[in-house]
Each structure stands twice: as structure tokens, then as C-alpha cells.
Amino acid sequence: MSITVVVAQRAKEVTIKNSQLQLTWAKDADKQYQLTSLILNKGGGQKIALPIAKHQRTVLYSSAKPASDPVTLKDQQGRVILFPDTQYRYVTPIWKQATSPVSMNVAGEVYTYGSQLANQKDDGVDFRQENKNYRISESWILDKEYPNDICVVMTMEAKVAGYYAMATPSLTVGNPDDFQWGVIPGMFQGSKINPDFVRAYAYGHGIPDRPVVVRERTTSTLASLLTLASGVTVATIAEPGLARDPWPKDKRRNDLWQLGLSMMNRQGELTPTLYYPVLGEEGSYMQPGEKRTFSFRYTIQNNDWYSTLHHVINDVYHFDDFLKLKQTEKSLSDRIYRMYGYLLDEHTSKWNTQIYENKKIGAQDYLGGVYGSDKDAMKNSDYGAMWMLGKLTGDQKLLGERLPQAADFKMMQQQRTGDFFLGAAAGQYYLYKSKRFAEEWGPYSEPIGTTYYMMMDMGNIFLFESHRVELKKEIRAAADWLLSRMKNNGQWEVAYDNKSAEPIFTDIEDLRPTFYGLYVAYKVLNEEKYRQAAIKGADWYIENAVRRGWFLGVCGDTRFAPDFATIQAVQALLDIYDLTGDTRYRKAAHRLAQFYVTSIYTYPIPSQIEKTVNGISRKDWEISQVGLSFEHGGTIGSANHHGPILLASHAGLFVRLFAETGDSLFVDMARAATWGRDAFVDETTGVASYYWDAMNRGAGPFPHHAWWQIGWIMDYLLSEATLRTQGKVVFPRGFITPKVGPHQSYGHAPGRIFGQQVDLVLRKEMISLDNPQIEYITARSTDQKQLYVILLNNSMLQQMVDIDGQLIREATARRRITVLNAQGKTMDNEEGATKIILPPVGAGIVRIDL
């Protein structure tokens, strides 16, 4: 890539340019260089001159460490903002951090400056500047590999002791009243400046109306991106290694703040900005003579924000290389069998039965906090996974005891008296000491709670037990309650107070897939009123959530900060697309999935560096956050304290989205989340910890999490099987599960393997493998004549696996075994009948004649 540096006569101007970009600096009245022109080649002979920032270079300085107490916030009318409500003990301390003077970008003295020309080079230009406090130099180079990128290195030397922060120079600016999109991944996004500061800053609903500086700990990709009205996207990107490492050596360091990100410069111009070091934080204090180096890049592209983000994730942070490092110690298939044992064990499963209204109801003890509980809460999580495991194993303890008790728990969970709440969910939890159902975070009822704990759960039971006529009655009652609470425009309230039945949380909208409950009602009851209502609800959601990029979560403990309900809505919209054939819903689902990519960590770049976890040596890649998603991020989410979660409910859907869109980021992220996560899995039970910072503590006080894990793993594996065989291995999916994401149940209906109708089965004693990189799924033909073993190579390398087990040995001896490749053609195995070579990320199928 040819790069040209042009120096005008007597150096009044300096220009660097290549095939895509041209930047020109000229001397101002003070004989300092300021950027005066930035031109992008849009292609097809078209060039565009981008608007130039007025305030270009900024340094912050403070002689004393800035205060940490939160500033007083006021709204547009001058009224003091009080947020959050006092009961939100998890949210309050991090909101205080997020509204400190440094976070609000009001701390320190502001130095703005131009620069003197220091040096012209063949591939760039250097500038320098100094004042009484510091010396600073800049090196600008147009990237040879990526011609739309500009690489900059700033070096500051302190002349006076104190705290310093360098800001990235502002290049181009957006019109606050007219830009296409702005996003700091994981924090906030939108096409408008939102004057409602809490909605923007706490919930990510649009761009805050002030130049806040956010932490990297819940920024999923270290870039600030702005798409101008012209369609040009400019992003300012931290070079890898600049931000904090969440586990630098032997413990988590979520307290570190090394990089700040903003959508505005200090002067309030709309322009992607980074700060390093962060004023008052680690590395910002300098004695005279000390230096700091700040490396970053700009990318300026005639693309939308998502295409530009793709470049940042794969080309700058090399996300697509992560899978090459992964080595699995225990397969996901093995985890399913271990969790199966864990969940059936009387002690470890913490199964609890109680008599409620003459019914023996069963659920697992929940040892976390629940409103009004006395350590007596019970809960079931994934009814689809429960009934799936019962069907696939034929286990009589499940079928004869646990599932009937769980079904009665579900029947009793519905409001069966009163007028306003008749048919609604009574609450997620049963409190056996006070003999009542309750919600986790207060005495209120959410319409989406009825979608979850009535419609989805009962719908999944019905798929497996369609003969149960009482289920239809309960589903109808719940669906009619949802219908009665839906507004004429297709919207629902977030929640109602249980005593007054008045709406609460009226400052936020129900930007969640509540409409999916009526989709379930239509699929079960086949009545047109439910179909039309589901469509109306989906239409409202597309217009108010997807179009704006505004979402709401389902976790009451963080006051509904956006969470996995967002990716759940992707599957819900795809189901509406299947229902209607209207491509609007598919298009909206794909756009929504792109938004969810910003809930997945893409830094720091995983490596082979040795670290220590609870006295155990681990490679950095083994404990990496990369590829893991938030429970909820942003300024108030749990990721601030705990990091991401290991519960990858989105993985199967991401595989399916890759098949639909061809976007490799989806399938790479699915595999990054799921492969080689042994460092987080309890060896005995096979249960992964929920939060990243817990490492391998297993389920802890949340035994019901194991059901979710069985559910998402099956969804992921079967989605991979379909992808890798180009649809020749396929199984019908059930309804979405509450509430952690979009994974769905299987086993309620036969699938097909190369045209043969088959039923999924789980029998641990039938098959064993000698290679943990290989996953396996078993299915039996509906005529009982063949057993199929679907093999998946979850590795970027070719793998050999030797299949063993009594059934395999008998079939081999009788020459009743055939090995097929992903296209269904017979494979030649020179190593022996049961030794199979699978290509990287490949599939194979073993057919056994019974």
C-alpha cells in the first residue's frame, strides 16, 4: 500500500494520504498544526470531505487525586436525579462509581493544544508540543495492511508531578441532531442523543447528552464507533494490551480502570474518544521525567457500524484466532451425563417436595435472596430440558417422580383467583414456610413473567405430553391474561403492583419479547386471536426496541438492566417469521443479533501465558473472558463485579444465524463460548460456575442452573450437527426456555438423519470415546433397526477418535457398523472399523444395525 507524505512550502501544511484516506494539517494563527481536512475515498470515483472537530487535542491534569464521591445529577429541567431506588443494593455502589467526577468527565484541568511539526517520514508524520506541565509527541502512520486505518502513538513526559490523562485527538464530528448510529459496545448505542440521562447511561438507550467516560470492564470491544449522517463510520480503537487484564496473575482485577471510552470529547463534540491513563487511576500519577505511551488507531470506513465493528474484532483483536488455542479436557457430551447424575442425586440436586393445596409439588432449593423469604425458596428453571432429559433417558425416577412433582409445581404457580391477575404467574419462587409464591425482587407481577413461567414452561411440557388436557386450560388462562393486559398498540407494562394492580416502573418500557407468550398460545391452541396478538406485539417490539436499539432485561436485582432477553427476542422474531413468512421479522432478528454481539467480550487477546487460579496453574486462554457474554453489562450490570457468565444459551442460535447469514462472527463466537471451558467446570458434577469470577465452583447455591446448562449444550450440539451436515441431520426444536436466553428443547418429535426418521436417546452405557475433542449425540431409528452416533470435531485440527462400548464391540464383530461422512457417504477407515478420522470442525456419523 503506497503512502504519501506531502509537505507544503515552508511547512504551512502537512498531508498524508493513501488510496483511501487523506489527512491535512495546517498552521493556525498561533503557528500550531491543526487538522484542517479529512477526505475518504468512498469508491466509484467518489470522495467525501468529513466535518472536522473544533477541539482537537486535549490533556487532563490534576495536582491531587480526583474525588470519588458521585456528583449531583440534574435533568433537563434542573431537578436532581435520584437513581436507583434504595432497595437495589447491587446497583447502588456501581452507579456511584459511574457518576464520579472522572466518570462524568468534569474532573481536572483541561489543556487544549496544537502541535509543532517534528518530523516527516516516508510513511507518516510526527508532531510534538510542550507546556509548563508536560511534553507530548505524536506519531501518525497510515496502516499498510488496512488502508482505512490510521495508527497513532502518543508519548507524554511529565514536567510537573500530578495526575495526567491523554485524550485521543478528535478528527471528525457528528451532528448531534443528525447521525446514523453511535455505540460503545456493551455500554450504550442509538441514533439519537437522549436527554433522559438515566435511560441513556444506565440502560444504554441512546447516547448520553454529556461526555461521560466509561470503564473498559463492561465495554465488550475496546472501541467507540460513530456512523455519520453520510453513512461513513469512524471508530477510535485501543491497541491490544492497553486496557486492563481482568485476571493479570492470580486474582481478578475488575477494580482496575486503565482505559476510558467516550462518544464525545471533553468539550462535548460528538466524536469517538479514548482516554489513557484514566485521570486519578492506575498509571495516571507521574513524577517529573516519567513517561506514558498511548497507542490507538482510527478506522474510517464507508460502512455501517457493524461492518466496522467486525473489522475491530477480527482484524485488530484477532478474535478468529482464539479457537486455534482451545483444547478440551472433557467434552460437552460428557458434561451432560455428569450433570444428569448430579440432578438425580437426592443430596446434590437439593430436590425439595412440599404439600401445597393437597398437591405434592417439587422443585430445587434456591439459596439466593428472594423478597420475603426465610431461606425457604424453591425454584425450577428449564422445564424443556427437564422433560427432554426424561424422554431421552427413559429414567423412571425422572418420569415417575421428579417430572410429575415439577408439573404440579407449575400448575400451582398460576394465579387461580381474583380478577385482575387471574391466569397470570404467581411468582418464580415458592416459599414453603409461608406457603406462597413470590417474585425475586418485590411484590409485583410482570407480563413477561407469565410469558416465561406459564406459556413457555407449560408449552414445553405440552410438547412432550400433549394428552394432558388440563395444560391447555392453564395455557389458555395465561394467554387470555396476557391478551387482557396488552395495549391496543401491542405494548405491555413492565410490571404491576400486586396490591393495587397499578403499573410500576413506568419510567421504562417493556422492551422484552413478552409477545412470545402469545406465539406459544397460538401453536398450542391454534386460535387466530393469539396469532394476531403475537404479531401485533412483535410489530411494536420491532418499532420501539429493534429500530432504536433500546432493550430491557428480566433480572429484577439490577432493575432490569438489558440482558439475555435481547438475544431471546432474536429467536422469538425468527419464530414469528416462520409463522408469517414475512421477511420483516427475519431482517429485524438479524439486526437484533448484531446488537447482541456487543454483549460478548472480545478482549484481551487470549494467550499461552501461565496464570494461577486458586493455586492451580492455568493458561491465559483457559480462563479468558473472550467469547463469553454478559448477564448484563453497562454501567449497572453484574459484569461490573463478576465479569461475564458461562451460561452460553445463545450458542445454538448463533450457529443457526451463521447458517442463515454467512456471518462468521456468529459461529466463531458460539464456539469461543463453548469449547475448552474446563477451568470453569466442577470436575465431579460437570456443572459450570455461573459467573466468570467464580471459576470452577460449580452450581454453588443455584442447583437449578444445571438444567439450563443441559438445555443450552443440547441446543448447541444439535445446531452444529445440522450446520456441519448441511441440514441432513436435523431435529425439531421446542419453545424457548425462561429466562437466560434463546435455547430450545428437543426430543418431543422425531428428527431425520440422511432421510431416516430417528428419535434422540441418551444412554451413557452404550458408547464411549477416547478423545474429548469429539462430541457425540445418539439417536435411534423410529423402526428400532438402527442406532446412530453423531460425531462432532470441536477442534481446529484433524482428530482421530476410537469409539468403544459393548454395543459397538458387538456390532463390529457382526459387521453391522458403517461410518458415514457429513454428506452421508461411506468412509474408508484404514485404522479399523471404530477408529475414525474427522476433519477440523467436521462431522461423521456411525450407523449401527441393531
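A donor and an acceptor atom, one from each side chain of H311 and D149, are located under 3.5 Å apart. Looking at E610 and S617, their side chains do bring a donor and an acceptor atom within 3.5 Å of each other. Between the side chains of E269 and N265, at least one donor-acceptor pair of N or O atoms lies under 3.5 Å. No hydrogens or angles considered: nothing links the side chains of R697 and Y690 as a donor-acceptor pair under 3.5 Å.
Residue F630 forms a ring pair (Phe, Tyr, Trp, His ring centres under 6.0 Å) with just one option from F564, F551, Y601, and that option is Y601. The side chain to side chain contact (heavy atoms under 4.5 Å, CB included) with F296 is formed by just one residue from the set I150, V153, V152; it is V152. The one candidate from I141, L23, V14 that meets the side chain to side chain contact (heavy atoms under 4.5 Å, CB included) condition with V125 is V14.
The line from CE of M166 to OH of Y111 is 15.5 Å long, rounded to the nearest 0.5 Å. Between the CG atom of L228 and the OG1 atom of T172 there is a distance of 5.0 Å, given to the nearest 0.5 Å. Atom-to-atom distance recorded for T112:OG1 and R57:CZ is 11.0 Å, nearest 0.5 angstrom. Once rounded to the nearest 0.5 Å, the distance linking CE of M154 with OG of S295 reads 10.5 Å. For the atom pair CD1 of I645 and OG of S629, the computed distance is 4.5 Å after rounding to the nearest 0.5 Å. Residue S607 holds its OG atom at 11.5 Å from CH2 of W621, rounded to the nearest 0.5 Å.
Environment of NZ in K611: crowded, with over 12 heavy atoms of neighbouring residues, nucleotides or ligands closer than 6.0 Å.
Between Y275 and W257, the distance separating the two ring centers is not shorter than 6.0 angstrom. When ring centroids are compared, Y88 and W95 stay outside the 6.0 Å threshold.
Remark: the backbone N or O of Y596 is not paired with any side-chain donor or acceptor of T566 at under 3.5 angstrom. Without hydrogens or angle criteria, E282 side chain to L256 main chain gives no donor-acceptor distance under 3.5 Å. Between the E13 side chain and the W25 main chain, no donor and acceptor come within less than 3.5 Å of each other. Checking side-chain atoms of T598 against main-chain N and O of F595 turns up a donor-acceptor pair under 3.5 Å. The closest donor-acceptor contact from the side chain of T58 to the backbone of A167 lies at 3.5 Å or more, if one exists at all.
Because its NZ or CZ atom is both nearer than 6.0 Å to the ring centre of F197 and within 45° of the ring axis, R210 counts as a cation-pi partner of that residue. No cation-pi contact links R559 to F83, judged by a cut-off of 6.0 Å to the six-membered ring centre and 45° from its axis.
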Exercise. Evaluate the salt bridge (Lys or Arg N to Asp or Glu O under 4.0 Å) criterion for residues E157 and K159: first the C-alpha distance (whole Å), next the side-chain angles of each, then the deciding distance (0.1 Å), finally the verdict.
Key: CA-CA 7 Å; E157 180 182 351; K159 295 170 67 176; over 6 Å; no
Identify each donor-acceptor pair in which a side-chain atom of residues 75-82 lies under 3.5 Å from a protein atom, sequence neighbours left out, and give them as a table.
from, atom 1, to, atom 2, distance (Å)
D75, OD1, Q77, N, 2.9
D75, OD1, G78, N, 3.1
D75, OD1, R79, N, 2.9
D75, OD2, R79, NE, 2.9
D75, OD2, R79, NH2, 3.2
Q76, NE2, D209, OD2, 2.7
Q77, OE1, R79, NH2, 3.0

